[in-house]
Participant: 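Here it is, the structure, as structure tokens.
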Amino acid sequence: MHRRWARYIAGDPALVPLIPWDWRQIPWEALIRSREGFPIDRSSLVQALLRQNADFLSTDPRLRANILSLQSPYTFTITTGQQPGWLTGPLYTIVKAAHAVQLAAELEQRFGGKYHFVPVFWIASEDHDAAEVRSIALSWESQLEYHGQFRGAVGRHVIEAKFPPQAQNLALQKYWQEGKPWEKAFRESMQALFAGTGLVWLSPDDPQLKALASALWLKEIEESLSFHAHAVAKAYLESIGETPCLHPRLLNLFWLSDTERRYPLPEEKEKLRRAAYEMSEALSPNVLLRPVFQEYILPNIAYVAGPGEVAYWLELLPVFTAFGVPMPVVYPRGHIRVLPKDIPPLPSGMLLENLWSVSQSRLRSLLAEMWGESLLSEAMEWWQAHRPPAEAWQEKPGFQGVARELQRLWQKWGEKLRRAALRESYRQYQARIEEVLRFRTQTEPEGKLQERVLNIHAFAPTDPTSWLKKMMKHIQLEPAKMKLYIQDS
């Protein structure tokens, strides 16, 4: 997990100059006022979203209502996003979307109708990391891979008949049909899971949305604002012992087409100027400028972010300031760990979540200590009761060295006695201990996280929609906290 995430979660005061809003005590009213004062073209935004979500509007009235509500100056968005992975990608994609939905609902309740909050999923369809989107894991041992050839933006990739045979039995595979754009298949898969929640799907690879950002592109082309602004964040991060994770170029835009995604050449500046006004859809922001584009076109107040995203958002405040765009609160997403229904017995006093908070070897010792508590206590009480009175000899001339040696030997002997009691405890409770260790390893091996590796089909191969609805009903995600979800079967 990224070190900067840990510092952010802990509220490290050294990060304050990089943070416009403290996620631990969010002044929502002030945050909303900061957005109210920034004009956006709500009509064009709504038109684009209605078009992008057209396939779902007749069967999902809540989705339609949420999109139309964005016409109102009292409606704001809660956004999260991810690259469009095959079959929705790793579980954390689902978790981020679920957390955005739940946060929007919390704010609806908090403000009691004064404002409306719409969850939005930003489909990062212009990214080009094909390796990240083409494979899924159904277990710790089983990984499936799509073997189609990507060119340019992943969202524009036209699906080929290159899926492994094992994928055909997976519930969401029916949306991944040959000849369909990759982004459309992802959108349909996610809608199948989140229908009725009001979650709105937004792809930035849209001429109408890109046209809204013409002035943004021109500023970047003429002044290289993001490059110079990021240098301020870079200098500060280095002064507090952090290495920046973003590496800006003088111009942080790509040329985008169906077959390529490349940085402009120095001699293409005039062509870029024309594109900013005449074909802005041919331009695409890189990771440094993408969040600014997002906030420029959305009435957004919070971005639900994972550890890696938090790390790069912490480099963006000077960039937002340079463009005059308000920055949202960077809201650290929650986490889930999915557990089977059959959980082995644990020692009294051990919490289930503690199974993953220590190393495997430490957990083995901890289980032996807790189950063998009476034996360990008996051994240590005997050791204390028979402790030689070495202190009495320390006062006598000529015996200080001997007394100190006696104390060291007795301390070592006590440690040996404790280890012997621990070994005996392990022998007595070996079957129980090994059962718990197997459960931990099978659920989530040391050094791995379910949500970063496993796809939702690992838990619900035939009905992921029902699985997700149950999970969201029973789990209220909280920022930066791990929640355990014990599934029915």
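Basis for what follows: all heavy atoms, side chains included, without hydrogens, waters or symmetry-related copies.
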Participant: Are any of the side-chain heavy atoms of Phe439 and Asp342 separated by less than 4.5 Å?
Facilitator: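 No, too far: nothing below the 4.5 Å cut-off.
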Participant: Of all the heavy-atom pairs spanning Asn300 and Pro328, show the shortest one and how long it is.
Facilitator: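 Smallest heavy-atom distance, with atoms named: ND2-CB, 4.0 Å.
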Participant: Does either side chain, that of Gln83 or that of Glu132, offer a donor lying less than 3.5 Å from an acceptor on the other one?
Facilitator: yes
Participant: Stepwise, does the side-chain contact (heavy atoms from CB on, under 4.5 Å) test hold for Arg261 with Asp127?
Facilitator: CA-CA 9 Å; Arg261 182 175 182 263; Asp127 285 3; 4.0 Å; yes
Participant: Could you state the interatomic distance from CD1 (Ile123) to CG (Asp206), rounded to the nearest 0.5 Å?
Facilitator: 11.0 Å
Participant: Measuring from atom CG of Leu87 to atom CE of Met190, what distance do you get when rounded to the nearest 0.5 angstrom?
Facilitator: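 Here the rounded value is 12.0 Å.
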Participant: Tell me which one of Gln82, Arg333, Lys96 satisfies side-chain hydrogen bond (donor to acceptor under 3.5 Å, both in side chains) with Glu309.
Facilitator: Lys96
Participant: Would Leu346 and Asn354 satisfy side-chain contact (heavy atoms from CB on, under 4.5 Å), going step by step from the backbone distance to the final call?
Facilitator: CA-CA 11 Å; Leu346 300 177; Asn354 288 349; over 6 Å; no
Participant: Does Thr443 offer a backbone N or O that forms a donor-acceptor pair with the side chain of Gln450 under 3.5 Å?
Facilitator: yes
Participant: Report yes or no: is the cationic atom of Arg35 (NZ for Lys, CZ for Arg) under 6.0 Å from the centre of the six-membered ring of Tyr74, at an angle within 45° of the ring normal?
Facilitator: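 No; the conditions do not both hold, so Arg35 does not lie above the ring face of Tyr74.
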Participant: Indicate the atoms forming the closest heavy-atom contact of Ile19 with Leu317, along with that distance.
Facilitator: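 Heavy atoms only, the tightest pair is N-CD2, 4.0 Å.
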Participant: Drop me the distance from Arg364's CZ to Ser359's OG, to the nearest 0.5 angstrom.
Facilitator: 10.0 Å
Participant: Taking atom NZ as the centre, does Lys483 end up with more than 12 heavy-atom neighbours from other residues, nucleotides or ligands that are less than 6.0 angstrom away?
Facilitator: yes
Participant: Roughly how far apart are Leu50 CG and Arg64 CZ, rounded to 0.5 Å?
Facilitator: 6.5 Å
Participant: Over all heavy atoms of both residues, which pair between Ser226 and Phe323 is shortest? Give the atoms and the distance, please.
Facilitator: N-CE1, 3.9 Å
Participant: For Arg273 and Glu268, run salt bridge (charged side-chain N to carboxylate O under 4.0 Å, His left out): C-alpha distance rounded to whole Å, both residues' side-chain angles, the deciding distance at 0.1 Å, then the answer.
Facilitator: CA-CA 9 Å; Arg273 289 192 188 99; Glu268 293 181 303; over 6 Å; no
Participant: Between His99 and Tyr331, is the gap from one ring center to the other below 6.0 Å?
Facilitator: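 Distance test on ring centres: under 6.0 Å, yes.
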Participant: Give a yes or no on whether a salt bridge exists between Lys180 and Glu160, defined as a side-chain N under 4.0 angstrom from a carboxylate O.
Facilitator: no
Participant: Return the minimal non-hydrogen interatomic distance between Leu355 and Leu363, and the atom names on each side.
Facilitator: O-CD2, 3.7 Å
Participant: Output yes when Arg151 and Glu260 qualify as a salt bridge under the 4.0 Å nitrogen-oxygen rule, no when they do not.
Facilitator: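 Not counted as a salt bridge, because no side-chain N and carboxylate O are separated by less than 4.0 Å.
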Participant: Let me know which of Trp313, Tyr303, Tyr296 forms a ring-ring contact (aromatic ring centres under 6.0 Å, His included) with Phe320.
Facilitator: Trp313
Participant: Measuring from atom OG1 of Thr88 to atom CD1 of Ile136, what distance do you get when rounded to the nearest 0.5 angstrom?
Facilitator: 8.0 Å
Participant: Is the CD atom of Gln109 crowded by more than 12 outside heavy atoms at less than 6.0 Å?
Facilitator: no
Participant: Before giving the answer on side-chain contact (heavy atoms from CB on, under 4.5 Å), spell out for Ile67 and Leu57 the whole-Å C-alpha distance, their side-chain angles and the decisive distance to 0.1 Å.
Facilitator: CA-CA 10 Å; Ile67 294 174; Leu57 298 180; 4.1 Å; yes
Participant: Look at Glu353 together with Lys481 and state whether they make a salt bridge at an N to O cut-off of under 4.0 Å.
Facilitator: no
Participant: Would you please say whether a donor-acceptor pair under 3.5 Å links the side chains of Gln208 and Glu281?
Facilitator: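 Judged by distance alone, the side chains do not pair up.
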Participant: So, Asp55 and Arg187, do they make that salt bridge, N to O below 4.0 Å?
Facilitator: no
Participant: Distance alone, cut at 3.5 Å: any donor-acceptor contact between the side chains of Trp201 and Gln191?
Facilitator: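 Judged by distance alone, the side chains do pair up.
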Participant: Would you tell me whether Ser203 and Gln52 have side-chain atoms, one donor and one acceptor, within less than 3.5 Å of each other?
Facilitator: no
Participant: Salt-bridge test for Glu242 and Arg3: reply yes if a basic N is under 4.0 Å from a carboxylate O, no otherwise.
Facilitator: yes
Participant: Sub-3.5 Å donor-acceptor pair from the side chain of Asp41 to the main-chain atoms of Ser44, do we have one?
Facilitator: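 Checked: pair present.
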Participant: Taking the six-membered ring of Phe150, is NZ or CZ of Arg134 closer than 6.0 Å to its centre and within 45° of its axis?
Facilitator: no
Participant: May I ask you to decide if the ring planes of Phe76 and Tyr115 are parallel, tilted or perpendicular, using 30° and 60° as cut-offs?
Facilitator: perpendicular
Participant: Does the side chain of Trp255 come under 3.5 Å of the side chain of Ser284 through a donor N or O and an acceptor N or O?
Facilitator: no
Participant: Is Arg440 salt-bridged to Glu435, going by a charged N under 4.0 Å from an acidic O?
Facilitator: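 The answer is no: the pair does not qualify as a salt bridge.
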Participant: Just to verify, what does Ser466 make a side chain to side chain contact (heavy atoms under 4.5 Å, CB included) with, not counting sequence neighbours?
Facilitator: Asp463
Participant: Is the backbone of His230 close enough, under 3.5 Å, to the side chain of Glu315 for a donor and an acceptor to pair up by distance?
Facilitator: no
Participant: Would His335 and Trp5 count as a close aromatic pair, with their ring centres under 6.0 Å?
Facilitator: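 Centroid separation for His335 and Trp5: below 6.0 Å.
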Participant: Which word best sums up how the rings of Phe186 and Phe121 line up, parallel for under 30°, tilted for 30 to 60°, or perpendicular for over 60°?
Facilitator: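 Ring orientation, 0 to 90° scale: tilted.
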Participant: Any ion pair linking Lys184 and Glu188 (charged N to carboxylate O, less than 4.0 Å)?
Facilitator: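 Yes, this pair counts.
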Participant: How close do Lys470 and Tyr485 get, heavy atom to heavy atom, and via which atoms?
Facilitator: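 Smallest interatomic distance, heavy atoms only, reads CB-OH, 3.4 Å.
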Participant: Kindly determine whether Trp140 and Thr441 satisfy side-chain contact (heavy atoms from CB on, under 4.5 Å), including the steps that lead there.
Facilitator: CA-CA 10 Å; Trp140 300 113; Thr441 299; over 6 Å; no
Participant: Regarding Asn252 and Tyr263, do their side chains bring together a donor and an acceptor under 3.5 Å, going by distance alone?
Facilitator: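 Note: Asn252 and Tyr263 side chains miss the donor-acceptor criterion.
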Participant: Taking only Lys NZ, Arg NE, NH1 and NH2, and the carboxylate oxygens of Asp or Glu, determine whether Arg337 and Glu451 approach each other closer than 4.0 Å.
Facilitator: no
Participant: How long is the span from the CG atom in Leu170 to the CG atom in Leu138, to the nearest 0.5 Å?
Facilitator: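 Answer rounded to 0.5 Å: 5.5 Å.
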Participant: Angle class for the Trp182/Tyr146 ring planes (parallel below 30°, perpendicular above 60°, tilted otherwise)?
Facilitator: tilted
Participant: Answer yes or no: does atom CZ of Arg452 have more than 12 heavy-atom neighbours from other residues, nucleotides or ligands under 6.0 Å?
Facilitator: no
Participant: Taking the six-membered ring for Trp, is the centroid-to-centroid distance between Phe163 and Trp86 below 6.0 Å?
Facilitator: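 Here the rings of Trp86 and Phe163 have centres that are less than 6.0 Å from each other.
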Participant: Could you tell me whether Glu444 and Lys448 make a salt bridge, using a distance below 4.0 angstrom between a side-chain N and a carboxylate O?
Facilitator: no
Participant: Can you confirm whether the side chains of Asp205 and Ser125 place a donor and an acceptor under 3.5 Å from each other?
Facilitator: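 Note: Asp205 and Ser125 side chains miss the donor-acceptor criterion.
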Participant: To check you understand the geometry: which heavy-atom pair defines the closest contact between Ala100 and Thr80, and what is its length?
Facilitator: CB-CG2, 3.9 Å
Participant: Tell me yes or no: between the side chains of His116 and Asn66, is some donor less than 3.5 Å from an acceptor?
Facilitator: yes
